[in-house]
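A short write-up of the structure that comes next.
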Amino acid sequence: MKKNVIWWPALKNPNHLDKYGGFDYYEYSRKSWEYWCKKNDCIFVSFTEPIHDDFTQYRPQWQKCLYVFDELDRLGIDFDQIGLMDSTAIVKWDCPNFFKLTDRKFVGLREDDNLRWVQESIDGYKKVFDDYDFDHTKYINSGFMVFNESHRDFFKSLKDLYEEKKDTFIRLQDKDVRKGNDQTPINYWLQINNIEMKLDLPMAYNLRHMNRKEMFGVNWQLKEDNRPYFLKYGYIWRFTGMPKDQRSDIMSQVWNVIKDNYDEDFILNRIENKSENKSTTSRRFKEDILRIFGNDY
């Protein structure tokens, strides 16, 4: 039986060790996705060995999408749907199974955190795509995408496009535009190829720039519930929009607060919830009881 796959790219660019302060944050993202996959009967596939060692010609952001089908074929994985998830993300332990929400379309979430950045990137790549009349309301973030076998030809053509225009893309990435890598070309290519997309999943599935949105804050008036907003309202937490060299430290702090929820021996993981047995209470209710009368998150 075919299973859904979480494709988790985590290539370590040796040229960016100082920029990112190392890649320790991969550990926390990986643990969360491994737990989620086991819980939702999905296959976790990590992409940690590059196809090309030359990260100038083939940046990790490009390799993650150019070779996803090739690598799954090489590994002999008979997949249903593929969820490409950025390694800056921690998935919440009870995140709903978003594979059930796709309508078997290409799923993306709109990128609306920095509209000026988006527009300048669209404008910067416009001539590469023959001044295509791009619809900016459909611009998606490439760190959360879900697709399936019907999109294999699209990714093959994307690979062909990159090989054809590689030198131009590298120049735009490094010198002329300096806004993004794969993301804007993917968006252009999706629209040019008329790929039917589903764009209406809630932003909770790709919560980004959390510091700018004050999602690490709490409602100080709600004395009985001091959980940060991102824990209350988000399903997938992307640690972006912050100094990159602080990412590992911030993700480590978050993980140390929530890690028990990913432990199969944790009490809330050993008892049934309403989603499994309608005659009992929800996990959220049990979490509230534990939070109020037991250990804090």
Side-chain angles (χ1 to χ4, degrees), residues 5-39 42-51 53 55 58-65 67-68 71 83-95 98 109 111 113-114 117 141-145 180-183 203-217 227-263 266 297:
V5 166
I6 291 296
W7 172 253
W8 184 78
L11 301 179
K12 296 180 180 180
N13 188 339
N15 301 321
H16 289 169
L17 287 176
D18 292 336
K19 178 179 179 180
Y20 289 99
F23 296 94
D24 291 345
Y25 65 89
Y26 285 170
E27 171 189 357
Y28 315 114
S29 176
R30 180 181 190 124
K31 287 178 179 178
S32 71
W33 282 111
E34 287 177 335
Y35 173 86
W36 188 88
C37 284
K38 186 173 182 179
K39 181 179 178 180
C42 300
I43 302 173
F44 177 82
V45 181
S46 60
F47 179 43
T48 58
E49 297 296 328
I51 305 300
D53 292 326
F55 286 136
Y58 296 91
R59 293 190 177 185
Q61 294 92 335
W62 276 105
Q63 293 197 44
K64 74 179 183 186
C65 53
Y67 304 111
V68 52
E71 283 297 284
L84 189 159
M85 301 296 143
D86 195 89
S87 55
T88 63
I90 292 177
V91 59
K92 193 179 181 185
W93 54 91
D94 61 352
C95 173
F98 45 80
L109 293 175
E111 174 62 83
D113 288 304
N114 189 336
W117 185 100
N141 181 276
S142 65
F144 177 103
M145 298 187 293
N181 296 287
D182 62 306
Q183 186 165 281
M203 64 178 289
Y205 287 100
N206 196 16
L207 197 60
R208 308 178 302 279
H209 292 251
M210 294 188 290
N211 53 324
R212 291 175 53 204
K213 298 171 183 174
E214 300 185 1
M215 296 302 291
F216 292 120
R227 290 176 301 158
Y229 295 124
F230 77 95
L231 277 180
K232 289 183 181 181
Y233 306 120
Y235 292 139
I236 298 176
W237 313 310
R238 294 277 304 285
F239 291 82
T240 59
M242 59 187 67
K244 294 180 175 65
D245 59 355
Q246 297 178 22
R247 181 179 290 151
S248 289
D249 182 53
I250 294 171
M251 290 178 69
S252 172
Q253 293 180 50
V254 170
W255 182 255
N256 286 334
V257 172
I258 64 173
K259 61 184 179 182
D260 285 346
N261 292 281
Y262 302 86
D263 183 348
F266 183 47
Y297 275 77

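Keep in mind it's a predicted model, so treat the numbers as computed, not measured.
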Residues R247, Y20; criterion side chain to side chain contact (heavy atoms under 4.5 Å, CB included); working and verdict: CA-CA 7 Å; R247 181 179 290 151; Y20 289 99; 3.6 Å; yes

Ring geometry between Y205 and F144 (parallel below 30°, tilted from 30 to 60°, perpendicular above 60°): tilted

Summary of salt bridge (charged side-chain N to carboxylate O under 4.0 Å, His left out) pairs that have at least one residue in residues 22-33, sequence neighbours excluded: E27-K31, R30-E34

Near-ring test Y235/W36, centroid separation under 6.0 angstrom: no

Any F239 side-chain heavy atom under 4.5 Å of Y28 side chain: no

Side-chain heavy-atom pair W33, S46 within 4.5 angstrom cut-off: no

Minimal non-hydrogen separation, R227 against K232, with atom names: O-CE, 3.5 Å

Heavy-atom pair of closest approach, residues D182 and K64: OD2-CE, 3.3 Å

Heavy-atom pair with the smallest gap, counting every atom of S87 and Y26: OG-CE2, 3.2 Å

is_close_aromatic(Y35, W93), centroid dist under 6.0 Å: no

Any I90 side-chain heavy atom under 4.5 Å of Y262 side chain: yes

Distance in Å, N141 CG paired with T240 OG1, rounded so as to fall on 0.5 Å steps: 7.5 Å

Polar side-chain atom of Q63 near backbone of P50 as donor-acceptor pair, under 3.5 Å: no

Which atom of K39 lies closest to which atom of D94, heavy atoms considered: NZ-CA, 3.6 Å

Beyond-backbone contact of Q253 with F216, side-chain heavy atoms, under 4.5 angstrom: no

Interatomic spacing from OG1 in T48 to CG in L11 - rounded to 0.5 Å: 7.5 Å

Heavy atoms of other groups near K213 NZ, more than 12 under 6.0 Å: yes

Expected output: side-chain N211 to main-chain G241 donor-acceptor under 3.5 Å: yes

For the student: nearest non-hydrogen atoms of G234 and L207, plus distance: CA-CD2, 4.1 Å

Side chain to side chain contact (heavy atoms under 4.5 Å, CB included) evaluation trace for F23 with S248: CA-CA 7 Å; F23 296 94; S248 289; over 6 Å; no

Distance in Å, R238 CZ paired with M251 CE, rounded so as to fall on 0.5 Å steps: 10.0 Å

For the student: nearest non-hydrogen atoms of F98 and C95, plus distance: CD2-SG, 4.2 Å

Close side-chain approach of M210 to P228, heavy-atom, < 4.5 Å: no

Side-chain donor/acceptor of N261 to backbone N/O of I258, under 3.5 Å: yes

Note, P14 side chain near F55 side chain (heavy atom, < 4.5 Å): yes

Approximate separation, where rounding is to 0.5 Å, of Y25 OH and K244 NZ: 9.5 Å

Note, E71 side chain near W7 side chain (heavy atom, < 4.5 Å): yes

Separation of D260 CG from W255 CH2 (nearest 0.5 Å): 9.5 Å

Spacing of M215 atom CE and R208 atom CZ [to the nearest 0.5 Å]: 12.0 Å

